[in-house]
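In listed order, ligands and their atoms are each counted from 1. Values reported hereafter were calculated over all heavy atoms of this structure, with side chains retained and with hydrogens, waters and symmetry mates removed.
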Amino acid sequence: MRSDEQYMRMALEIAKAGIGQTSPNPVVGAVVVKDGEVVGLGAHLKAGEPHAEVHAIRMAGEKAKGATVYVTLEPCSHYGKTPPCADLLIETGVRRVVIATTDPNPLVAGKGIAKLQKAGIEVQLGVMKEEADELNRVFFHYIATKTPFVTLKYASSLDGKIATSTGESKWITSEAAREDVHRYRAVHDAILVGVNTVIADNPSLTVRLPEGGKNPIRIVLDTHLRTPLDANVIRDGTAETWIVVGSEVSGEKKKRYENEKVQIISLGTPYIDIKELLRVLGEKRVTSLFVEGGSHVHDSFIQAGAVNEIVAYFAPKIIGGKQAPTPIGGVGFANMADVMELQIRQVERIGPDIKIVAIPNNK
Ligand code: NDP
Ligand code: ZN
């Protein structure tokens with residue numbers, strides 16, 4: 001007989017199957033256990049498709065009666081695209097439900113647990129809570145702020161340069177590190193760059209992985225609509241592109257860009273305010289945003305206090321030069337007392353390079 005923690009760990013592993021494909025929903029895993037035997041497993045795989053509990057209960061069939069259900073997130077209690085899972089658990093006659101963490105979605109937020117308890121089901125909350133919260137940090141952030149979780153990424157030389165003094169940046173890091181970047185892209189709803197990066201590098205901003213992967217929306221910050229009409233993000237049609245412009249761009253100019261895959265979004269202000277941008281993206285159901293530069297754009301996100309995570313790659317190369325750009329442009333923080341402080345979460349060697357993942361303190 002395994003412990004509650006062991007079954008919950010199993011449910012958490014199963015939940016991971018949905019990472020990057022459930023947006024705007026959370027990832028969830030469920031395990032049904034009867035008399036010390038695992039009789040059902042399930043994961044939520046896509047918004048609109050059955051929740052984890054539904055798959056697991058269906059698999060368990062008759063055996064679900066009197067069973068214990070381990071679920072990584074509080075069962076839902078509202079009618080969404082699917083009927084409430086709390087009702088299903090009650091009707092099925094399960095005896096006990098072990099939950100890792102509550103669902104902050106105001107439509108659920110404790111109501112699922114209350115419903116189960118009212119029906120006489122024993123509920124245990126908080127088993128492996130930290131791991132479950134970490135797993136859904138993007139969803140939780142989105143629910144709490146209604147804005148996307150922002151990850152800022154850059155590839156730099158060991159001396160902290162993201163391009164040479166002439167603006168060349170292909171390639172600083174190894175193919176292995178670049179493949180890692182594509183893996184991040186595949187699990188984000190959208191990628192964002194500044195117009196200067198589009199002009200300098202003409203990136204495709206698509207996912208190119210041996211195993212495949214969905215392309216996120218490509219977003220370009222371009223106040224005056226300077227993106228070249230023949231840029232890959234405009235022409236290649238491989239993914240959606242949103243160009244965010246200021247209020248002064250004429251409708252006629254916008255028309256030259258717009259097509260089935262390319263949209264122009266005007267925030268209604270002459271300049272692009274990052275907080276307002278994130279609010280608008282949140283409204284458009286972008287739950288996660290991968291910001292890939294350049295240094296000016298990174299600076300704007302840092303100054304707006306809008307960064308939730310930093311992924312930095314360092315190549316064993318020295319680019320040198322006072323004029324060569326660094327990851328964060330602008331004027332920076334003048335005093336040590338004001339600098340952005342981070343905690344390092346992960347240090348990994350990728351081929352010849354090093355990856356560091358850090359999160360700001362108090363985020
Ligand atoms: P960016 O790519 O950051 O683009 C900046 C431009 O975006 C601004 O000048 C502005 O132009 C527009 N913009 C619109 N709204 C905003 C806003 N709110 N905040 C900031 N910018 C905004 O330019 P950089 O010159 O800083 O960086 C480009 C260089 O960086 C290139 O040489 C590229 O190769 C390199 N690079 C390196 C990477 C790496 O990881 N090694 C990654 C990405 C780029 P406007 O006013 O006209 O709208
Ligand atoms: Zn549900």
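With hydrogens left out, the protein atom closest to atom 36 (N) of ligand 1 is Ile162 CD1, 3.9 Å, a heavy atom. Scanning the protein for heavy atoms near atom 11 (O) of ligand 1, the closest one is Arg226 NH2, 3.1 Å. With respect to atom 12 (C) of ligand 1, the closest heavy atom belonging to the protein is Leu221 O, 3.5 Å. In terms of protein heavy-atom proximity, atom 2 (O) of ligand 1 is nearest to Thr197 OG1, 2.5 Å. Among all non-hydrogen protein atoms, the one lying nearest atom 33 (C) of ligand 1 is Asp201 OD2, 3.4 Å. The protein atom (non-hydrogen) at minimum distance from atom 23 (O) of ligand 1 is Asn196 CB, 3.0 Å.
Remark: the Thr173 side chain and the Asp353 side chain contain no N/O donor-acceptor pair separated by less than 3.5 Å. Between Thr147 and Thr145, the side chains place a donor N or O and an acceptor N or O closer than 3.5 Å (distance only, hydrogens not considered). No hydrogens or angles considered: a donor-acceptor pair under 3.5 Å links the side chains of Thr287 and Asp189.
Looking at ligand 1, you'll find an N or O of Val297 within less than 3.5 Å of one of its N or O atoms. The shortest N or O to N or O distance between Ala155 and ligand 1 is below 3.5 Å. Geometrically, ligand 1 and Lys153 share no nitrogen or oxygen pair separated by less than 3.5 Å. Residue contacts with ligand 1: Ser300 is placed with a nitrogen or oxygen under 3.5 Å of a nitrogen or oxygen of the ligand (distance criterion only). Polar contact with ligand 1: absent for Ala200 (N/O pair, distance under 3.5 Å). Taking only nitrogen or oxygen atoms, main chain and side chain alike, Asp222 does not reach within less than 3.5 Å of ligand 1.
Heavy-atom contacts of Gly167 reach the following atoms of ligand 1: 32 (O), 34 (O) (cutoff under 4.0 Å). Using a 4.0 Å cut-off to heavy atoms of Gly194, the atoms of ligand 1 that qualify are 1 (P), 2 (O), 4 (O), 7 (O). Less than 4.0 angstrom separates some heavy atom of Val195 from each of these atoms of ligand 1: 4 (O), 6 (C), 7 (O), 11 (O), 12 (C). For ligand 1, the atoms closer than 4.0 angstrom to any heavy atom of Glu292 are 42 (C), 43 (C). The Ile274 neighbourhood of ligand 1 comprises atoms 18 (N), with distances under 4.0 Å to a heavy atom of that residue. Set against the non-hydrogen atoms of Ser169, the atoms of ligand 1 under 4.0 Å away are 34 (O). Within ligand 1, the atoms closer than 4.0 Å to a non-hydrogen atom of Tyr154 are 40 (O), numbered from 1 in the order shown.
A salt bridge links Glu292 to Arg185: at least one charged side-chain nitrogen sits closer than 4.0 Å to a carboxylate oxygen. Ion pairing of Asp4 with Arg96 is present here, as a side-chain N (NZ or NE/NH1/NH2) and a carboxylate O approach within less than 4.0 Å. Between Asp180 and Lys355 there is a salt bridge, since at least one side-chain N of the basic residue sits less than 4.0 Å from a carboxylate O of the acidic one. Salt bridge status for Glu252 with Lys255: absent, with no side-chain N to carboxylate O gap under 4.0 Å. Ion pairing between Arg137 and Asp133 fails under the 4.0 Å rule for side-chain N and carboxylate O.
Each of Ile90, Val28, Val54 was compared with Cys85 under the side-chain contact (heavy atoms from CB on, under 4.5 Å) criterion, and only Val54 meets it. Results of the side-chain contact (heavy atoms from CB on, under 4.5 Å) test with Ile328 over Met340, His296, His298, Gln303 single out His298 as the only residue that passes. Partner of Pro26 under the side-chain contact (heavy atoms from CB on, under 4.5 Å) criterion, chosen from Leu73, Asn105, Val138, Ile143: Leu73.
Taking the centre and axis of the six-membered ring of Trp242, the NZ or CZ atom of Arg218 falls outside the cone set by 45° and 6.0 Å.
More than 12 heavy-atom neighbours from other residues, nucleotides or ligands sit within 6.0 angstrom of CD on Glu283.
Evaluated by nearest non-hydrogen atom to atom 3 (O) of ligand 1, the leading choice among Pro327, Gly294, Gly329 is Gly294. The closest heavy-atom contact to atom 9 (O) of ligand 1, among the options His296, His298, Gln303, comes from His296. Nearest-heavy-atom check against atom 46 (O) of ligand 1 across Asp299, Thr223, Ile272 picks out Thr223.
Using 4.0 Å as the threshold, Val193 has no heavy atom nearer than that to any atom of ligand 1.
Around the Zn ion (ligand 2), the two atoms SG of Cys85 and ND1 of His51 are separated by an angle of 110°, to 10 degrees.
Looking only at distances, no side-chain donor or acceptor of Thr92 sits under 3.5 Å from a matching main-chain atom of Val94.
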